[in-house]
Amino acid sequence: VDGDGPVPCDWMLVGEATGDKEDKSGVPFGGPAGRELERLLGLAGLKRGEVYATNVVKHRPPGNRKPTVSEIRICGKWLEQEFQLVRPKYAILLGATPLSVWFPKDSISAVHGRVRKLGDTLFIPMYHPAAVLHDPSKRGPIEADWKTLRERIASYDRRDRQYDLMVSDGVDGEVVAVDTETDWNGKIAGASYSTESHHATFVPSIGDIPPQLMVDAETLVMHNAKFDLRVLKGADLHYKRLADTMIAAYVVGEP
Ligand code: URA
């Protein structure tokens, strides 16, 4: 079963292998996993007709088993040709099998939703849509990945974030995010703060003098606040609420 969709195409979706329905119809993602995929695409504002969908393995493995390494290798030639023709800006790898083709060392549970670049293409590994059908507890994290897909891509594209450098600085705001950097000895090298996306200010330590940072915030945001608060001991931090994105990530099931 060949791929399906416009060529060239900005979006290329790569699944594992054709299923029973696809084997009969000749169209990839034409069965229950395809219906789920269409729903997930909608969460990212995408329609089926705007994407090129294909599979690593072009035939249904007997008994619907996982494709073997040699099946993946043999079909890899077709996949490579398709990739050259489609020339996608964004390649969505649906599950562990397509992930193993481009990023053999990674596991899908560790890297799903993360954007990375290879050549001219941004690759985004996602859980396979059939995972929702087999394990309803995956619905939350899978839907979260699709809902935030555009934002994840946009923030990857804006990676040249702007940093200001200040010797000492005070900030007050509703939400202020603070992060510290330490050297190999665990000594504070500086602290950065941000009150908006993609713009931060870095306040370095000078010699033995720690960063002169004064914060007055409704909500102070940190990642692993236990660590940063220990390092920033003695800094002038005033806040009503502390939000820790590491704990938040754990709560929503991110690694
Ligand atoms: N699962 C896949 O990975 N691909 C299909 O085409 C159908 C189900």
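Position 1 is the first residue of the sequence, and the numbers go up from there. Just so we're clear, the structure is a prediction, and the values are computed from it rather than from any experiment. The basis for the numbers below is simple: all heavy atoms, side chains too, and nothing from hydrogens, waters or symmetry mates. Just so you know, ligand 1 is whichever comes first in the structure, and atom 1 is the first atom listed for that ligand.
- With ring centers used as reference points, W146 lies 6.0 Å or more from Y127.
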For ligand 1, which of its N or O atoms have a protein N or O partner closer than 3.5 Å, and how long is each gap?
residue	atom	partner	partner atom	Å
ligand 1	1 (N)	H128	NE2	3.3
ligand 1	3 (O)	E16	N	2.8
ligand 1	3 (O)	A17	O	3.4
ligand 1	3 (O)	N55	OD1	3.2
ligand 1	3 (O)	H128	NE2	2.7
ligand 1	4 (N)	A17	O	3.1
ligand 1	4 (N)	N55	OD1	2.7
ligand 1	4 (N)	N55	ND2	3.4
ligand 1	6 (O)	F29	N	2.9
ligand 1	6 (O)	N55	ND2	2.9

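- Classified by interplanar angle (parallel below 30°, tilted 30° to 60°, perpendicular above 60°), the ring pair F103/F123 is perpendicular.
- Side-chain contact between T245 and V221: present, with at least one pair of heavy atoms (C-beta onward) separated by less than 4.5 Å.
- With sequence neighbours excluded, no residue satisfies ring-ring contact (aromatic ring centres under 6.0 Å, His included) with F202.
- Pairs engaging residues 27-51 under the salt bridge (Lys or Arg N to Asp or Glu O under 4.0 Å) rule: D4-R48, E36-R39, R39-E143 [sequence neighbours left out].
- Note on residues 74-86: pairs passing salt bridge (Lys or Arg N to Asp or Glu O under 4.0 Å), not counting sequence neighbours, are K58-E82.
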